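All of these numbers come straight from a predicted model, not from anything done at the bench.
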Amino acid sequence: MSDNGASDNSTWRGGIDPRAPAFDPWLQPELFRGVLTRRVLAFLIDLVLLTIPIILAVVFISVFGVFTLGLGWALFWLVSPASVIWALIYYGASLGGPSSATVGMRLMDLEMRTWYGEPSYFVLGAVHAILFWVSITMLSPFVLLVGLFNGRRRLLHDIVLGTVIINRSALGQGAEPLRSF
């Protein structure tokens, strides 16, 4: 018997588990169709968008170093930490924003949700990027093959964080989360 007086078969929200998976790949296959291919393309678009400001900063520091007779080149040590901070802010703000998608994901019509159907938030977006880079660095890029062997096309870092990437247009065509609350 539970503490709230309910029977053993119900939960505290009247029998509906609030953390149940919201998107079923067998009942809603259109949500996961082509997701892995589009994720790769979205990643490449985001990589270009992340790289442009870094290249501009390196060019600025190079030119600044020429004008300061080499003193400005001491700023090159800031490029690596600034790149990491820029990437975390980019992923956190875009995945945690109202569209729950980076610019590349929006162009590829993808959206990140929690496995129970809620939109993403800033910390989840930043940690998602960190776990992605850690997983492919520590476990080799072959860890990305995990997405081929599950119905929701989730990668290892998606499984660890409890996120799922879905087709946004399929969600708008009446494929709502399976819960009614």
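In this structure the side chain of W133 reaches within 4.5 angstrom of the side chain of I136, judged on heavy atoms. When side chains are defined from C-beta on, L36 counts as touching L155, because their heavy atoms get closer than 4.5 Å. In this structure, M105 and L95 have side chains that are in contact, with non-hydrogen atoms separated by less than 4.5 Å. Residues R33 and N167 are in side-chain contact: their nearest non-hydrogen atoms beyond the backbone lie under 4.5 Å apart. Contact annotation: the side chain of N150 approaches that of I159 to within less than 4.5 Å [non-hydrogen atoms, C-beta and beyond]. Contact check for L88 versus I130: side-chain heavy atoms found under the 4.5 Å cut-off.
Taking S135 as the reference, nothing meets the side chain to side chain donor-acceptor pair (under 3.5 Å) condition, with sequence neighbours excluded. Here H157 pairs with H128, F132 under the ring pair (Phe, Tyr, Trp, His ring centres under 6.0 Å) rule; sequence neighbours left out. Residues that satisfy the side chain to side chain contact (heavy atoms under 4.5 Å, CB included) test with L71, not counting sequence neighbours, are T68. The side chain to side chain contact (heavy atoms under 4.5 Å, CB included) test applied to V66 returns W73, not counting sequence neighbours. Under the ring pair (Phe, Tyr, Trp, His ring centres under 6.0 Å) criterion, F64 pairs with F60, not counting sequence neighbours.
Panel note: side chain R168, backbone D109; no donor-acceptor pair is recorded below 3.5 Å. A donor-acceptor pair under 3.5 Å is formed between the side chain of R106 and the backbone N or O of A101. Side-chain atoms of S100 come within 3.5 Å of backbone atoms of S120 as a donor-acceptor pair (strictly under, hydrogens ignored). Checking side-chain atoms of R154 against main-chain N and O of T163 turns up a donor-acceptor pair under 3.5 Å. Without hydrogens or angle criteria, R38 side chain to M108 main chain gives a donor-acceptor distance under 3.5 Å.
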Using residues 41-58 as the side-chain source, report each donor-acceptor pair under 3.5 Å to any protein atom, sequence neighbours left out, with the distance given to one decimal.
from: D46; atom 1: OD1; to: Y90; atom 2: OH; distance (Å): 2.7
from: D46; atom 1: OD1; to: T102; atom 2: OG1; distance (Å): 3.3
from: D46; atom 1: OD1; to: G104; atom 2: N; distance (Å): 2.8
from: D46; atom 1: OD2; to: T102; atom 2: OG1; distance (Å): 2.5
from: T51; atom 1: OG1; to: L47; atom 2: O; distance (Å): 2.5

Run the side-chain donor-acceptor check on residues 76-85: report pairs under 3.5 Å with partners two or more places apart or on a different chain.
from: W77; atom 1: NE1; to: A74; atom 2: O; distance (Å): 3.3
from: S83; atom 1: OG; to: V79; atom 2: O; distance (Å): 2.6

Exercise. Please walk me through it: do V164 and M112 pass side-chain contact (heavy atoms from CB on, under 4.5 Å)?
Worked result: CA-CA 6 Å; V164 63; M112 184 169 90; over 6 Å; no
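Here the closest non-hydrogen pair linking T114 and L124 is CG2-CD2, 4.0 Å. In plain terms, the two heavy atoms of I165 and V35 that are nearest each other are O-CG1, 3.8 Å.
Applying the salt bridge (charged side-chain N to carboxylate O under 4.0 Å, His left out) rule to pairs touching residues 156-165 yields R39-D158, sequence neighbours excluded. Applying the side chain to side chain donor-acceptor pair (under 3.5 Å) rule to pairs touching residues 139-148 yields nothing, sequence neighbours excluded.
Taken to the nearest 0.5 Å, the CZ atom of R152 stands 6.0 Å off from the CZ atom of F32.
Hydrophobic clustering keeps I61 apart from V59 (ILVMFWY residues linked when any side-chain heavy atoms are closer than 4.5 Å, directly or through intermediates).
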